[in-house]
Asks: 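Dropping a structure here in structure tokens format, bear with me for questions.
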Amino acid sequence: MTPGAVAGPDGALRCPWALSTDDYVAYHDEEWGRPVHGDDALFERISLEAFQSGLSWITILRRRPGFRAAFAEFRIEKVAAFTDADRERLLADTGIIRNRAKIDATLDNARVLADWAEGDLDELIWSHAPDPAGRPAPKTLADVPAVTPESTALSKALKKRGLRFVGPTTAYALMQACGLVDDHLETCVARAAR
């Protein structure tokens with residue numbers, strides 16, 4: 001049977017995935033599922049979710065300071081201006097995931113987003129947030145989907161506007177991380193803190 005919320009070292013109930021490391025506990029309690037707004041902040045989340053594809057999130061979380069340093073704090077305008085020399089620098093940077101396709105997608109996505117009006121990315125992403133009243137709180141991890149109709153629609157909308165590495169599963173992970181959906185389990189301490 002898939003577990004529900006589990007008591008952590010402090011006795012508080014949390015989503016089971018959050019208890020494997022202290023890094024996860026902090027991320028779960030303080031960030032995951034909390035609303036994120038702002039084009040640069042959302043560009044960072046899109047980029048990190050793309051880098052996470054095929055890897056454990058803890059790998060990305062622990063390298064996040066390196067990613068932020070390497071990608072100019074994910075400021076869209078700055079990343080859009082990166083040169084071929086910057087690309088080579090990124091490919092040699094041991095502080096990030098040195099995946100050529102993911103680096104190229106991040107640079108290309110920044111160039112696409114640099115042409116959007118301020119607030120367009122935020123508006124587009126948040127326009128795909130489902131009605132929370134229509135989503136019961138998950139009781140176990142088995143109740144948490146990997147893809148939803150909304151994440152599929154978000155993926156299509158982002159791809160239509162020229163973004164890459166934004167499939168429906170990645171889009172749903174973005175929705176979870178940025179608070180468009182609340183997938184903290186029903187009895188999780190973080191659900192009550194939102």
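These numbers were taken from a predicted model, which means no experiment stands behind them.
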Asks: Enumerate donor-acceptor pairs with a distance under 3.5 Å from any side-chain N or O in residues 68-77 to protein atoms, sequence neighbours excluded.
Replies:
from: R68; atom 1: NE; to: E44; atom 2: OE2; distance (Å): 2.7
from: R68; atom 1: NH2; to: E44; atom 2: OE2; distance (Å): 3.0

Asks: If I take atom CG from residue L48 and atom CD1 from residue I96, how far apart are they, to the nearest 0.5 angstrom?
Replies: 10.5 Å
Asks: Nearest 0.5 Å please: distance from the NZ atom of K159 over to the CG atom of L154.
Replies: 10.5 Å
Asks: Please give me the minimum heavy-atom distance between L185 and A5, naming the atom from each residue.
Replies: CD1-N, 3.5 Å
Asks: Atom CH2 of W17 and atom CD1 of I58: how far apart are they, to the nearest 0.5 Å?
Replies: 9.0 Å
Asks: Please report the C-alpha distance between T170 and I46 in whole Å, then the side-chain angles of each, then the deciding distance to 0.1 Å, and finally whether the side chain to side chain contact (heavy atoms under 4.5 Å, CB included) criterion is met.
Replies: CA-CA 8 Å; T170 299; I46 288 171; over 6 Å; no
Asks: What residues join F165 in its hydrophobic cluster, counting side-chain heavy atom gaps under 4.5 Å, either direct or through other members?
Replies: none
Asks: Mind running side chain to side chain contact (heavy atoms under 4.5 Å, CB included) on L163 and L113 for me, showing each step along the way?
Replies: CA-CA 8 Å; L163 297 183; L113 292 169; 3.9 Å; yes
Asks: Run the side chain to side chain contact (heavy atoms under 4.5 Å, CB included) test on D182 and R191 for me, step by step, so that the C-alpha distance in whole Å, both residues' side-chain angles and the decisive distance to 0.1 Å come before the verdict.
Replies: CA-CA 7 Å; D182 184 358; R191 187 173 192 90; 3.2 Å; yes
Asks: Of all heavy-atom pairs between V112 and G162, which one has the smallest distance, and what is that distance?
Replies: CG2-O, 3.7 Å
Asks: Using a strict cut-off of less than 4.0 Å between a Lys/Arg side-chain nitrogen and an Asp/Glu carboxylate oxygen, indicate whether R89 and D86 qualify as a salt bridge.
Replies: yes
Asks: Got a second to check how far S20's OG is from H28's NE2, nearest 0.5 Å?
Replies: 11.0 Å
Asks: Can you confirm whether more than 12 heavy atoms, excluding those of E123, are under 6.0 Å from its CD atom?
Replies: no
Asks: With the side chain counted from C-beta on, respond yes when F51 and I103 share a heavy-atom pair under 4.5 Å apart, and no when they do not.
Replies: yes
Asks: Ring centres of W57 and Y24 under 6.0 Å apart?
Replies: no
Asks: Output, in order, the C-alpha distance, side-chain angles, deciding distance and verdict of side chain to side chain contact (heavy atoms under 4.5 Å, CB included) for T59 and Q52.
Replies: CA-CA 8 Å; T59 302; Q52 185 271 329; over 6 Å; no
Asks: Could you check whether any side-chain heavy atom of S151 comes within less than 4.5 Å of a side-chain heavy atom of T169, counting everything from C-beta outward?
Replies: no
Asks: Kindly confirm or rule out a cation-pi arrangement of R111 over F82, judged by NZ or CZ under 6.0 Å from the six-membered ring centre and within 45° of its axis?
Replies: no
Asks: Looking at D10, I want to see if its CG is surrounded by more than 12 non-hydrogen atoms of other residues, nucleotides or ligands under 6.0 Å.
Replies: yes
Asks: Looking at R98 and D93, is there a salt bridge between them, counting it only when a charged N and a carboxylate O are closer than 4.0 Å?
Replies: no
Asks: Check whether D104 reaches the backbone of A101 with its side chain - one donor and one acceptor, N or O, closer than 3.5 Å.
Replies: no
Asks: In this structure, are over 12 heavy atoms from other groups packed under 6.0 Å from D84 atom CG?
Replies: no
Asks: Taking the side chain as every heavy atom from C-beta outward, state whether E150 and Y172 have any pair of such atoms under 4.5 Å apart.
Replies: no
Asks: Looking only at heavy atoms, which two atoms of V36 and L42 are closest? And how far apart?
Replies: O-CD2, 3.7 Å
Asks: Under 3.5 Å, is there a donor-acceptor pair between the side chain of R45 and the main chain of A41?
Replies: yes
Asks: Minimum heavy-atom separation for P16 and V6, please, with both atom names.
Replies: CG-CG2, 3.9 Å
Asks: Check this for me: does any side-chain nitrogen of one of E49 and K102 sit under 4.0 Å from a carboxylate oxygen of the other?
Replies: no
Asks: Donor-acceptor check, side chain of S53 to backbone of A50, threshold 3.5 angstrom: yes or no?
Replies: no
Asks: Hey, is the main chain of W116 close enough, under 3.5 Å, to the side chain of D120 for a donor-acceptor pair?
Replies: no
Asks: Within the distance-only criterion (no hydrogens, no angle test), does the side chain of T152 pair as donor or acceptor with the backbone N or O of T148 below 3.5 angstrom?
Replies: yes
Asks: A157 and L124: which non-hydrogen atoms are nearest, and at how many Å?
Replies: CB-CD1, 3.9 Å
